[in-house]
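Predicted, not measured: the structure shown is a model, and the values here were computed from it.
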Amino acid sequence: MTVSTSAASRAGASAPPDRLLETRTIDRVPERERHGSPGSQFSLWMAANLQITAVVDGALAIVFGAEALTAIVGLLLGNLLGGAVMALHSAQGPRLGLPQMISSRVQFGVKGAALPLLLTLVMYLGFAATGTVLSGQAINLLLGAESPLVGIAIFGGLTALIATVGYRLIHVVGRIATVLGILGFGYLALRLFQQQDVAAVFGQKPFTMASLLLTMALSAGWQLTFAPYVADYSRYLPSGTSTARTFWTTFAGTVLGAQLTMTFGVLVAAAGGGFLKNQVGFMGELAGPAVAAAIYAVIVAGKLTVNCLNAYGGCMTLLTTLGAFRPSLRIGAAARAATILGFVLASMAIAVLASADFLNHFKNFVLLLLAVFVPWSAINLVDYYLVSREKVDIPALYDPQGRYGAWNAMALGCYLLGVIVQIPFLNQKLYRGPIADWLGGADISWIVSLVLTSLVYYPLARRTMRVPATMIYPDGETAPGRR
(Lines give C-alpha, C1' and ligand atoms only; values in the text may rest on other atoms or scores of the structure.)
Protein backbone atom coordinates (compact mmCIF):
# COMPACT_ATOMS: atom_id res chain seq x y z
CA MET A 1 0.00 0.00 0.00
CA THR A 2 1.01 3.60 -0.23
CA VAL A 3 0.68 6.12 2.53
CA SER A 4 -1.29 8.49 0.36
CA THR A 5 -4.82 9.36 1.44
CA SER A 6 -6.79 7.04 -0.79
CA ALA A 7 -4.41 4.11 -0.52
CA ALA A 8 -4.27 4.45 3.24
CA SER A 9 -8.01 3.88 3.37
CA ARG A 10 -7.96 0.95 0.92
CA ALA A 11 -5.03 -1.01 2.34
CA GLY A 12 -6.00 -4.26 3.95
CA ALA A 13 -9.57 -3.97 2.68
CA SER A 14 -9.60 -7.63 1.64
CA ALA A 15 -8.26 -8.87 4.96
CA PRO A 16 -11.00 -10.41 7.12
CA PRO A 17 -11.42 -8.58 10.44
CA ASP A 18 -10.89 -11.77 12.45
CA ARG A 19 -7.59 -12.67 10.80
CA LEU A 20 -4.80 -13.30 13.32
CA LEU A 21 -1.96 -11.91 11.21
CA GLU A 22 -2.23 -8.14 11.15
CA THR A 23 -2.05 -6.53 7.71
CA ARG A 24 -2.29 -2.86 8.59
CA THR A 25 0.63 -0.55 9.26
CA ILE A 26 0.34 3.23 9.63
CA ASP A 27 -3.05 3.68 7.96
CA ARG A 28 -6.37 4.22 9.72
CA VAL A 29 -8.29 1.13 10.85
CA PRO A 30 -11.73 1.25 9.15
CA GLU A 31 -14.87 0.52 11.13
CA ARG A 32 -15.40 -2.92 9.59
CA GLU A 33 -12.15 -4.14 11.17
CA ARG A 34 -12.76 -2.74 14.66
CA HIS A 35 -13.27 -5.19 17.50
CA GLY A 36 -12.81 -5.75 21.22
CA SER A 37 -13.72 -3.83 24.36
CA PRO A 38 -11.89 -1.37 26.63
CA GLY A 39 -11.21 -4.19 29.10
CA SER A 40 -8.43 -5.34 26.79
CA GLN A 41 -6.52 -2.18 27.71
CA PHE A 42 -6.55 -3.10 31.40
CA SER A 43 -4.94 -6.49 30.92
CA LEU A 44 -2.40 -5.25 28.37
CA TRP A 45 -1.12 -2.39 30.49
CA MET A 46 -1.27 -4.41 33.68
CA ALA A 47 1.01 -6.96 32.00
CA ALA A 48 3.29 -4.25 30.62
CA ASN A 49 3.97 -3.14 34.20
CA LEU A 50 4.05 -6.50 36.01
CA GLN A 51 7.64 -7.04 34.99
CA ILE A 52 11.12 -6.94 36.40
CA THR A 53 12.19 -3.62 34.89
CA ALA A 54 9.43 -1.88 36.85
CA VAL A 55 10.82 -3.58 39.98
CA VAL A 56 14.20 -2.08 39.14
CA ASP A 57 12.60 1.34 38.66
CA GLY A 58 11.09 1.13 42.14
CA ALA A 59 14.42 0.02 43.60
CA LEU A 60 16.07 3.10 42.12
CA ALA A 61 14.12 5.23 44.61
CA ILE A 62 16.18 3.57 47.36
CA VAL A 63 19.36 3.89 45.30
CA PHE A 64 18.73 7.64 45.07
CA GLY A 65 18.46 7.85 48.86
CA ALA A 66 14.72 7.92 49.60
CA GLU A 67 13.25 6.40 52.75
CA ALA A 68 11.02 3.41 52.00
CA LEU A 69 7.63 4.95 52.86
CA THR A 70 8.55 8.20 51.14
CA ALA A 71 9.54 6.20 48.08
CA ILE A 72 6.26 4.27 47.96
CA VAL A 73 4.16 7.43 48.35
CA GLY A 74 6.24 9.32 45.79
CA LEU A 75 6.01 6.47 43.30
CA LEU A 76 2.23 6.34 43.76
CA LEU A 77 1.84 10.06 43.12
CA GLY A 78 4.03 9.85 40.04
CA ASN A 79 2.15 6.83 38.72
CA LEU A 80 -1.18 8.58 39.21
CA LEU A 81 -0.08 11.77 37.44
CA GLY A 82 1.92 10.10 34.69
CA GLY A 83 -0.70 7.39 34.26
CA ALA A 84 -3.42 9.99 33.73
CA VAL A 85 -1.40 11.62 30.95
CA MET A 86 -0.67 8.24 29.39
CA ALA A 87 -4.33 7.16 29.53
CA LEU A 88 -5.46 10.39 27.87
CA HIS A 89 -3.32 9.37 24.90
CA SER A 90 -4.90 5.89 24.93
CA ALA A 91 -8.38 7.42 24.70
CA GLN A 92 -7.46 8.90 21.31
CA GLY A 93 -7.12 5.42 19.75
CA PRO A 94 -10.76 4.44 19.15
CA ARG A 95 -11.73 7.89 17.93
CA LEU A 96 -8.90 8.22 15.39
CA GLY A 97 -8.05 4.59 14.59
CA LEU A 98 -4.44 5.67 14.03
CA PRO A 99 -1.03 4.80 15.46
CA GLN A 100 -0.15 7.35 18.13
CA MET A 101 2.73 8.99 16.31
CA ILE A 102 0.75 9.45 13.08
CA SER A 103 -1.72 11.56 15.06
CA SER A 104 1.14 13.81 16.24
CA ARG A 105 1.38 15.10 12.67
CA VAL A 106 -1.61 17.29 13.54
CA GLN A 107 0.60 19.29 15.88
CA PHE A 108 4.07 19.07 14.30
CA GLY A 109 3.31 18.69 10.60
CA VAL A 110 3.69 15.61 8.42
CA LYS A 111 7.49 15.90 8.32
CA GLY A 112 7.95 17.90 11.50
CA ALA A 113 6.71 14.98 13.59
CA ALA A 114 9.95 13.19 12.66
CA LEU A 115 11.94 15.02 15.37
CA PRO A 116 10.07 13.53 18.34
CA LEU A 117 9.70 10.31 16.32
CA LEU A 118 13.45 9.78 16.16
CA LEU A 119 13.77 10.38 19.89
CA THR A 120 10.95 7.90 20.41
CA LEU A 121 12.82 5.29 18.39
CA VAL A 122 15.83 5.71 20.69
CA MET A 123 13.52 5.13 23.65
CA TYR A 124 12.12 1.93 22.19
CA LEU A 125 15.59 0.58 21.45
CA GLY A 126 16.81 1.42 24.95
CA PHE A 127 13.94 -0.27 26.74
CA ALA A 128 14.01 -3.24 24.39
CA ALA A 129 17.73 -3.70 25.01
CA THR A 130 17.47 -3.48 28.78
CA GLY A 131 14.52 -5.88 28.78
CA THR A 132 16.44 -8.30 26.59
CA VAL A 133 19.35 -8.30 29.06
CA LEU A 134 17.15 -9.35 31.97
CA SER A 135 15.04 -11.80 29.98
CA GLY A 136 18.15 -13.35 28.50
CA GLN A 137 19.45 -13.96 32.00
CA ALA A 138 16.18 -15.61 33.02
CA ILE A 139 16.16 -17.85 29.95
CA ASN A 140 19.77 -18.87 30.56
CA LEU A 141 18.91 -19.83 34.14
CA LEU A 142 15.95 -21.85 32.87
CA LEU A 143 18.07 -23.71 30.32
CA GLY A 144 21.30 -23.91 32.28
CA ALA A 145 23.12 -22.03 29.50
CA GLU A 146 26.17 -19.89 30.21
CA SER A 147 26.57 -17.68 27.15
CA PRO A 148 24.43 -14.50 27.32
CA LEU A 149 23.88 -14.87 23.58
CA VAL A 150 21.68 -17.94 24.09
CA GLY A 151 19.00 -16.22 26.16
CA ILE A 152 19.22 -13.00 24.17
CA ALA A 153 18.74 -14.86 20.85
CA ILE A 154 15.76 -16.88 22.09
CA PHE A 155 14.05 -13.86 23.59
CA GLY A 156 14.71 -11.79 20.49
CA GLY A 157 13.21 -14.48 18.29
CA LEU A 158 10.04 -14.67 20.38
CA THR A 159 9.71 -10.88 20.34
CA ALA A 160 10.07 -10.70 16.57
CA LEU A 161 7.52 -13.46 16.01
CA ILE A 162 4.79 -12.03 18.25
CA ALA A 163 5.30 -8.42 17.14
CA THR A 164 5.14 -9.48 13.49
CA VAL A 165 1.86 -11.36 13.95
CA GLY A 166 0.69 -8.12 15.51
CA TYR A 167 -2.12 -6.57 17.47
CA ARG A 168 -4.29 -9.57 18.34
CA LEU A 169 -1.47 -11.84 19.50
CA ILE A 170 0.12 -9.04 21.52
CA HIS A 171 -3.14 -8.67 23.45
CA VAL A 172 -3.34 -12.45 23.99
CA VAL A 173 0.20 -12.51 25.37
CA GLY A 174 -0.71 -9.57 27.59
CA ARG A 175 -3.65 -11.43 29.13
CA ILE A 176 -1.51 -14.49 29.83
CA ALA A 177 1.30 -12.38 31.29
CA THR A 178 -1.15 -10.56 33.56
CA VAL A 179 -2.25 -13.80 35.21
CA LEU A 180 1.31 -15.10 35.50
CA GLY A 181 2.52 -11.76 36.84
CA ILE A 182 -0.11 -11.57 39.56
CA LEU A 183 0.67 -15.11 40.70
CA GLY A 184 4.43 -14.73 40.42
CA PHE A 185 4.85 -11.39 42.13
CA GLY A 186 2.25 -12.29 44.74
CA TYR A 187 4.30 -15.34 45.64
CA LEU A 188 7.54 -13.34 45.71
CA ALA A 189 5.98 -10.76 48.02
CA LEU A 190 4.85 -13.54 50.36
CA ARG A 191 8.36 -15.01 50.39
CA LEU A 192 9.87 -11.58 51.09
CA PHE A 193 7.64 -11.09 54.12
CA GLN A 194 8.54 -14.57 55.33
CA GLN A 195 12.28 -14.08 54.99
CA GLN A 196 12.72 -10.42 55.92
CA ASP A 197 11.58 -8.10 58.66
CA VAL A 198 9.88 -5.82 56.15
CA ALA A 199 8.58 -3.45 58.84
CA ALA A 200 12.16 -2.65 59.78
CA VAL A 201 12.93 -1.06 56.39
CA PHE A 202 10.66 1.89 57.18
CA GLY A 203 11.84 4.96 59.06
CA GLN A 204 15.53 4.35 58.47
CA LYS A 205 15.96 7.84 57.00
CA PRO A 206 14.24 11.18 57.57
CA PHE A 207 11.63 12.43 55.12
CA THR A 208 12.80 15.01 52.60
CA MET A 209 10.78 16.80 49.95
CA ALA A 210 13.65 16.36 47.51
CA SER A 211 13.51 12.57 47.74
CA LEU A 212 9.71 12.58 47.39
CA LEU A 213 9.88 14.67 44.22
CA LEU A 214 12.67 12.53 42.81
CA THR A 215 10.69 9.32 43.27
CA MET A 216 7.67 10.99 41.69
CA ALA A 217 9.86 11.79 38.69
CA LEU A 218 10.91 8.14 38.44
CA SER A 219 7.38 6.76 38.20
CA ALA A 220 5.93 9.66 36.20
CA GLY A 221 8.75 9.23 33.71
CA TRP A 222 8.04 5.52 33.53
CA GLN A 223 4.40 6.16 32.65
CA LEU A 224 5.11 8.94 30.18
CA THR A 225 7.43 6.73 28.15
CA PHE A 226 4.36 4.66 27.22
CA ALA A 227 2.60 7.75 25.85
CA PRO A 228 4.07 7.76 22.31
CA TYR A 229 2.64 4.32 21.51
CA VAL A 230 -0.26 3.69 23.87
CA ALA A 231 -2.96 4.49 21.26
CA ASP A 232 -1.44 1.87 18.93
CA TYR A 233 -3.15 -0.73 21.13
CA SER A 234 -6.55 0.93 21.42
CA ARG A 235 -6.96 1.97 17.78
CA TYR A 236 -8.74 -1.26 16.81
CA LEU A 237 -11.55 -0.63 19.31
CA PRO A 238 -14.85 0.44 17.70
CA SER A 239 -14.93 4.19 17.17
CA GLY A 240 -18.10 4.38 19.26
CA THR A 241 -16.19 3.13 22.32
CA SER A 242 -16.62 5.41 25.31
CA THR A 243 -13.65 7.73 25.76
CA ALA A 244 -14.10 7.53 29.52
CA ARG A 245 -14.02 3.71 29.56
CA THR A 246 -10.89 3.60 27.44
CA PHE A 247 -9.24 6.12 29.75
CA TRP A 248 -10.14 4.39 33.00
CA THR A 249 -9.31 0.84 31.93
CA THR A 250 -5.92 1.96 30.64
CA PHE A 251 -5.30 4.11 33.71
CA ALA A 252 -6.26 1.36 36.16
CA GLY A 253 -4.11 -1.26 34.45
CA THR A 254 -0.99 0.83 34.14
CA VAL A 255 -1.14 2.43 37.60
CA LEU A 256 -2.02 -0.75 39.48
CA GLY A 257 0.58 -2.86 37.69
CA ALA A 258 3.34 -0.29 38.08
CA GLN A 259 2.62 0.50 41.72
CA LEU A 260 2.60 -3.16 42.74
CA THR A 261 5.93 -3.96 41.11
CA MET A 262 7.60 -0.68 42.09
CA THR A 263 6.55 -1.10 45.71
CA PHE A 264 8.04 -4.58 45.61
CA GLY A 265 11.22 -3.04 44.22
CA VAL A 266 11.37 -0.54 47.07
CA LEU A 267 11.01 -3.28 49.68
CA VAL A 268 13.58 -5.67 48.22
CA ALA A 269 16.10 -2.85 47.74
CA ALA A 270 15.59 -1.46 51.24
CA ALA A 271 15.81 -4.93 52.79
CA GLY A 272 19.17 -5.60 51.13
CA GLY A 273 20.13 -9.07 50.01
CA GLY A 274 21.81 -8.22 46.72
CA PHE A 275 18.87 -7.41 44.45
CA LEU A 276 20.62 -4.42 42.92
CA LYS A 277 23.65 -6.51 41.96
CA ASN A 278 21.80 -9.44 40.37
CA GLN A 279 18.13 -8.72 39.77
CA VAL A 280 17.09 -11.96 38.06
CA GLY A 281 19.21 -14.23 40.24
CA PHE A 282 17.93 -12.57 43.41
CA MET A 283 14.31 -13.22 42.46
CA GLY A 284 15.07 -16.87 41.78
CA GLU A 285 16.79 -17.22 45.15
CA LEU A 286 13.90 -15.46 46.89
CA ALA A 287 11.43 -17.88 45.31
CA GLY A 288 13.43 -20.93 46.38
CA PRO A 289 14.81 -23.85 44.33
CA ALA A 290 11.44 -25.54 43.84
CA VAL A 291 9.77 -22.45 42.33
CA ALA A 292 12.72 -20.57 40.82
CA ALA A 293 12.10 -21.90 37.30
CA ALA A 294 8.48 -20.73 37.41
CA ILE A 295 9.60 -17.26 38.50
CA TYR A 296 12.09 -17.09 35.64
CA ALA A 297 9.20 -17.94 33.30
CA VAL A 298 7.14 -15.12 34.85
CA ILE A 299 10.02 -12.72 34.24
CA VAL A 300 10.24 -13.76 30.60
CA ALA A 301 6.45 -13.50 30.08
CA GLY A 302 6.27 -9.99 31.55
CA LYS A 303 9.23 -8.74 29.58
CA LEU A 304 7.97 -10.41 26.41
CA THR A 305 4.75 -8.39 26.58
CA VAL A 306 6.45 -5.02 26.89
CA ASN A 307 9.25 -5.93 24.49
CA CYS A 308 6.67 -6.72 21.82
CA LEU A 309 5.15 -3.30 22.47
CA ASN A 310 8.58 -1.75 21.98
CA ALA A 311 9.28 -3.67 18.76
CA TYR A 312 5.80 -2.99 17.35
CA GLY A 313 5.94 0.67 18.39
CA GLY A 314 9.47 1.03 17.03
CA CYS A 315 8.28 -0.37 13.71
CA MET A 316 5.36 2.08 13.56
CA THR A 317 7.69 4.95 14.47
CA LEU A 318 10.21 4.15 11.76
CA LEU A 319 7.54 3.58 9.10
CA THR A 320 5.82 6.83 10.07
CA THR A 321 9.10 8.68 9.62
CA LEU A 322 9.86 7.07 6.26
CA GLY A 323 6.32 7.65 5.04
CA ALA A 324 6.55 11.36 5.85
CA PHE A 325 9.51 11.90 3.53
CA ARG A 326 8.50 9.36 0.88
CA PRO A 327 4.70 9.55 0.55
CA SER A 328 4.68 7.13 -2.40
CA LEU A 329 6.56 4.45 -0.46
CA ARG A 330 4.73 1.12 -0.37
CA ILE A 331 4.38 0.06 3.26
CA GLY A 332 2.75 -3.34 3.56
CA ALA A 333 2.94 -6.38 5.81
CA ALA A 334 6.32 -7.45 4.39
CA ALA A 335 7.83 -4.04 5.13
CA ARG A 336 6.44 -4.17 8.66
CA ALA A 337 7.93 -7.63 9.25
CA ALA A 338 11.32 -6.56 7.92
CA THR A 339 11.30 -3.42 10.06
CA ILE A 340 10.42 -5.38 13.20
CA LEU A 341 13.20 -7.88 12.51
CA GLY A 342 15.73 -5.10 12.00
CA PHE A 343 14.60 -3.41 15.22
CA VAL A 344 14.89 -6.63 17.22
CA LEU A 345 18.36 -7.36 15.85
CA ALA A 346 19.49 -3.84 16.78
CA SER A 347 18.11 -4.17 20.31
CA MET A 348 19.84 -7.53 20.72
CA ALA A 349 23.15 -6.01 19.66
CA ILE A 350 22.72 -3.19 22.19
CA ALA A 351 21.80 -5.76 24.87
CA VAL A 352 25.03 -7.64 24.34
CA LEU A 353 27.08 -4.44 24.65
CA ALA A 354 25.18 -2.96 27.61
CA SER A 355 24.67 -6.04 29.78
CA ALA A 356 27.73 -5.47 31.99
CA ASP A 357 26.38 -2.28 33.58
CA PHE A 358 22.62 -2.53 33.20
CA LEU A 359 21.41 -0.74 36.33
CA ASN A 360 23.70 2.27 35.93
CA HIS A 361 22.70 2.77 32.30
CA PHE A 362 19.02 2.25 33.03
CA LYS A 363 18.61 4.82 35.79
CA ASN A 364 20.19 7.53 33.65
CA PHE A 365 18.11 6.46 30.68
CA VAL A 366 14.78 6.75 32.51
CA LEU A 367 15.37 10.27 33.77
CA LEU A 368 16.72 11.44 30.42
CA LEU A 369 13.61 10.22 28.63
CA LEU A 370 11.38 12.15 30.98
CA ALA A 371 12.85 15.44 29.74
CA VAL A 372 12.14 14.47 26.13
CA PHE A 373 8.56 13.22 26.33
CA VAL A 374 6.86 15.61 28.75
CA PRO A 375 6.62 18.51 26.26
CA TRP A 376 5.54 16.15 23.46
CA SER A 377 2.68 14.86 25.63
CA ALA A 378 1.69 18.37 26.66
CA ILE A 379 1.43 19.57 23.07
CA ASN A 380 -0.39 16.49 21.82
CA LEU A 381 -2.99 16.47 24.59
CA VAL A 382 -3.61 20.22 24.70
CA ASP A 383 -4.16 20.25 20.96
CA TYR A 384 -6.35 17.14 20.80
CA TYR A 385 -8.64 17.94 23.74
CA LEU A 386 -8.61 21.76 23.90
CA VAL A 387 -7.71 23.11 20.45
CA SER A 388 -8.77 20.55 17.83
CA ARG A 389 -11.38 19.15 20.23
CA GLU A 390 -11.15 15.65 18.72
CA LYS A 391 -11.70 16.96 15.16
CA VAL A 392 -8.95 15.77 12.81
CA ASP A 393 -8.53 15.85 9.03
CA ILE A 394 -7.26 12.28 8.70
CA PRO A 395 -6.40 12.34 4.96
CA ALA A 396 -4.27 15.46 5.57
CA LEU A 397 -2.08 13.47 7.96
CA TYR A 398 -0.61 11.69 4.94
CA ASP A 399 -0.22 14.76 2.72
CA PRO A 400 2.64 17.25 3.33
CA GLN A 401 0.73 19.75 1.17
CA GLY A 402 -2.48 19.33 3.18
CA ARG A 403 -4.08 21.13 6.10
CA TYR A 404 -1.26 20.39 8.56
CA GLY A 405 1.61 21.10 6.19
CA ALA A 406 5.06 19.57 6.20
CA TRP A 407 6.47 21.45 9.20
CA ASN A 408 4.81 23.35 12.06
CA ALA A 409 7.49 25.70 13.32
CA MET A 410 5.29 26.96 16.15
CA ALA A 411 4.73 23.50 17.66
CA LEU A 412 8.36 22.48 17.17
CA GLY A 413 9.46 25.69 18.88
CA CYS A 414 7.17 24.99 21.84
CA TYR A 415 8.52 21.45 22.00
CA LEU A 416 12.15 22.61 22.08
CA LEU A 417 11.24 25.23 24.68
CA GLY A 418 9.67 22.50 26.79
CA VAL A 419 12.91 20.51 26.66
CA ILE A 420 15.26 23.44 27.26
CA VAL A 421 13.30 24.91 30.16
CA GLN A 422 13.92 21.74 32.15
CA ILE A 423 17.71 22.06 32.14
CA PRO A 424 18.07 24.25 35.28
CA PHE A 425 15.70 21.91 37.17
CA LEU A 426 17.30 18.58 36.20
CA ASN A 427 19.00 16.35 38.76
CA GLN A 428 20.76 13.55 36.94
CA LYS A 429 24.03 11.74 37.29
CA LEU A 430 25.67 13.63 34.44
CA TYR A 431 24.16 17.02 35.20
CA ARG A 432 22.58 18.81 38.13
CA GLY A 433 20.96 22.15 37.36
CA PRO A 434 21.39 25.20 39.58
CA ILE A 435 17.72 25.34 40.58
CA ALA A 436 17.71 21.63 41.44
CA ASP A 437 20.79 22.27 43.58
CA TRP A 438 19.03 25.19 45.27
CA LEU A 439 16.03 22.91 45.94
CA GLY A 440 18.24 20.39 47.71
CA GLY A 441 18.32 17.96 44.80
CA ALA A 442 14.58 17.92 44.05
CA ASP A 443 13.86 17.30 40.36
CA ILE A 444 10.71 19.15 39.31
CA SER A 445 11.77 19.59 35.69
CA TRP A 446 8.90 17.50 34.35
CA ILE A 447 6.28 19.53 36.22
CA VAL A 448 7.75 22.81 35.00
CA SER A 449 7.84 21.58 31.40
CA LEU A 450 4.31 20.13 31.48
CA VAL A 451 2.82 23.38 32.76
CA LEU A 452 4.91 25.86 30.77
CA THR A 453 4.66 24.00 27.45
CA SER A 454 0.88 23.78 27.80
CA LEU A 455 0.53 27.47 28.69
CA VAL A 456 2.70 28.62 25.79
CA TYR A 457 1.30 26.24 23.18
CA TYR A 458 -2.42 26.71 23.86
CA PRO A 459 -2.87 30.40 22.92
CA LEU A 460 -0.52 30.11 19.93
CA ALA A 461 -2.32 27.03 18.65
CA ARG A 462 -5.73 28.66 19.09
CA ARG A 463 -4.62 31.44 16.73
CA THR A 464 -2.75 29.41 14.13
CA MET A 465 -4.16 25.85 13.91
CA ARG A 466 -6.52 25.14 10.99
CA VAL A 467 -9.08 23.00 12.79
CA PRO A 468 -11.75 21.31 10.61
CA ALA A 469 -15.38 21.85 11.49
CA THR A 470 -15.87 18.10 11.92
CA MET A 471 -13.79 14.95 11.77
CA ILE A 472 -12.78 14.26 8.15
CA TYR A 473 -12.40 10.59 7.21
CA PRO A 474 -10.65 8.99 4.21
CA ASP A 475 -12.71 8.53 1.03
CA GLY A 476 -15.96 9.63 2.64
CA GLU A 477 -15.87 7.01 5.41
CA THR A 478 -17.91 7.97 8.46
CA ALA A 479 -17.97 6.70 12.01
CA PRO A 480 -20.96 6.05 14.24
CA GLY A 481 -21.60 8.30 17.18
CA ARG A 482 -19.84 7.44 20.42
CA ARG A 483 -21.75 5.98 23.32
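Of the possible donor and acceptor atoms, none in the side chain of Q196 sits under 3.5 Å from a partner among the backbone N and O of V198. Remark: side-chain polar atoms of T215 are paired, donor with acceptor, to backbone N or O of L212 under 3.5 angstrom. Looking only at distances, no side-chain donor or acceptor of S449 sits under 3.5 Å from a matching main-chain atom of W446. Side chain of T453 to main chain of L450: no donor-acceptor pair is present (N/O by atom type, distance under 3.5 Å, no hydrogens or angles). A donor-acceptor distance shorter than 3.5 angstrom exists from the side chain of T225 to the backbone of W222, with no hydrogens or angles considered. Distance alone, capped at 3.5 Å, is enough to place a donor-acceptor pair between the S211 side chain and the T208 backbone. The backbone N or O of A66 sits nowhere less than 3.5 Å from a side-chain atom of T70 that would complete a donor-acceptor pair. Although no hydrogens or angles enter the test, the distance criterion places no donor-acceptor pair under 3.5 Å between the side chain of Q51 and the main chain of A47. The backbone N or O of G151 sits less than 3.5 Å from a side-chain atom of N140, completing a donor-acceptor pair. S40 places no side-chain N or O within donor-acceptor distance of the main-chain N or O of G36, the cut-off being under 3.5 Å.
The shortest heavy-atom contact between P375 and Q422 is CD-NE2, 3.8 Å. In terms of heavy atoms, C315 sits closest to R336 at SG-CG, 3.3 Å. Nearest heavy atom pair, residue R34 against residue P94, reads NH1-O, 2.9 Å. The two atoms that bring I420 and P424 nearest to each other are O-CD, 3.9 Å, heavy atoms only. Taking both residues in full, the closest heavy atoms of A351 and A129 are given as CB-O, 3.6 Å, listed atom of the first, atom of the second, then distance. Counting all heavy atoms, side chain and backbone alike, L96 lies closest to R28 at O-NE, 3.1 Å.
Residues F185 and L260 are not in side-chain contact: their nearest non-hydrogen atoms beyond the backbone lie 4.5 Å or more apart. Residues I102 and R105 meet the side-chain proximity criterion, which asks for heavy atoms closer than 4.5 Å. Residues F275 and V55 are in side-chain contact: their nearest non-hydrogen atoms beyond the backbone lie under 4.5 Å apart. Annotation: side chain of N380 is in contact with side chain of S103 (closest heavy-atom distance under 4.5 Å). At least one side-chain heavy atom of L341 sits under 4.5 Å from a side-chain heavy atom of L345. A 4.5 Å side-chain heavy-atom check between I299 and Q137 finds every atom pair outside the cut-off. Inter-residue side-chain proximity for S242 and F247 is flagged as unmet; no heavy-atom pair is nearer than 4.5 Å. Annotation: side chain of P206 is not in contact with side chain of E67 (no heavy-atom distance under 4.5 Å).
Within a 6.0 Å sphere centred on OH of Y385, other residues, nucleotides and ligands contribute more than 12 heavy atoms. No more than 12 heavy atoms of other residues, nucleotides or ligands shown are found within 6.0 angstrom of CD on E146.
Atom-to-atom distance recorded for L386:CG and S454:OG is 8.5 Å, nearest 0.5 angstrom. Rounded to the nearest 0.5 Å, atoms CZ (F251) and CD (Q41) are 15.0 Å apart. To the nearest 0.5 Å, the span separating CG on D232 from CG on L98 amounts to 10.0 Å. Atom-to-atom distance recorded for M316:CE and I340:CD1 is 7.5 Å, nearest 0.5 angstrom. To the nearest 0.5 angstrom, L319 atom CG is 6.0 Å from I26 atom CD1. T320 contributes atom OG1, which lies 7.5 Å from atom CE of M101 (distance to the nearest 0.5 angstrom).
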For this session: Show the numbers, then the answer: is there a side-chain contact (heavy atoms from CB on, under 4.5 Å) between T263 and L75?
Result: CA-CA 8 Å; T263 298; L75 291 169; 5.8 Å; no

For this session: May I have the step-by-step check of side-chain contact (heavy atoms from CB on, under 4.5 Å) for V298 and L50, ending in yes or no?
Result: CA-CA 9 Å; V298 169; L50 285 175; over 6 Å; no

Exercise. Stepwise, does the side-chain contact (heavy atoms from CB on, under 4.5 Å) test hold for L304 with S135?
Worked result: CA-CA 8 Å; L304 188 58; S135 298; over 6 Å; no

Problem set entry | Intermediate values then yes/no, side-chain contact (heavy atoms from CB on, under 4.5 Å), H35 and Y167 | CA-CA 11 Å; H35 58 84; Y167 183 92; 3.8 Å; yes

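Remark: F155 engages no residue in a ring pair (Phe, Tyr, Trp, His ring centres under 6.0 Å) (not counting sequence neighbours). Taking the ring pair (Phe, Tyr, Trp, His ring centres under 6.0 Å) definition, one finds that Y312 meets it with Y233, sequence neighbours left out.
Ion pair R235/E22 flagged as a salt bridge, since at least one NZ, NE, NH1 or NH2 atom sits closer than 4.0 Å to an Asp/Glu carboxylate oxygen.
Between F226 and W45, the distance from one ring center to the other falls under 6.0 angstrom.
A side-chain donor from one of Q100 and Q92 sits under 3.5 Å from a side-chain acceptor of the other. With 3.5 Å as the limit, one finds a donor-acceptor pair spanning the side chains of Q223 and N79. Looking at Q259 and N49, their side chains never bring a donor and an acceptor atom within 3.5 Å of each other. For the residue pair Y229 and N310, a side-chain donor N or O sits within less than 3.5 Å of a side-chain acceptor on the partner.
R432 pairs in a side chain to side chain contact (heavy atoms under 4.5 Å, CB included) with only one of the listed residues (L426, N427, D443), which is N427.
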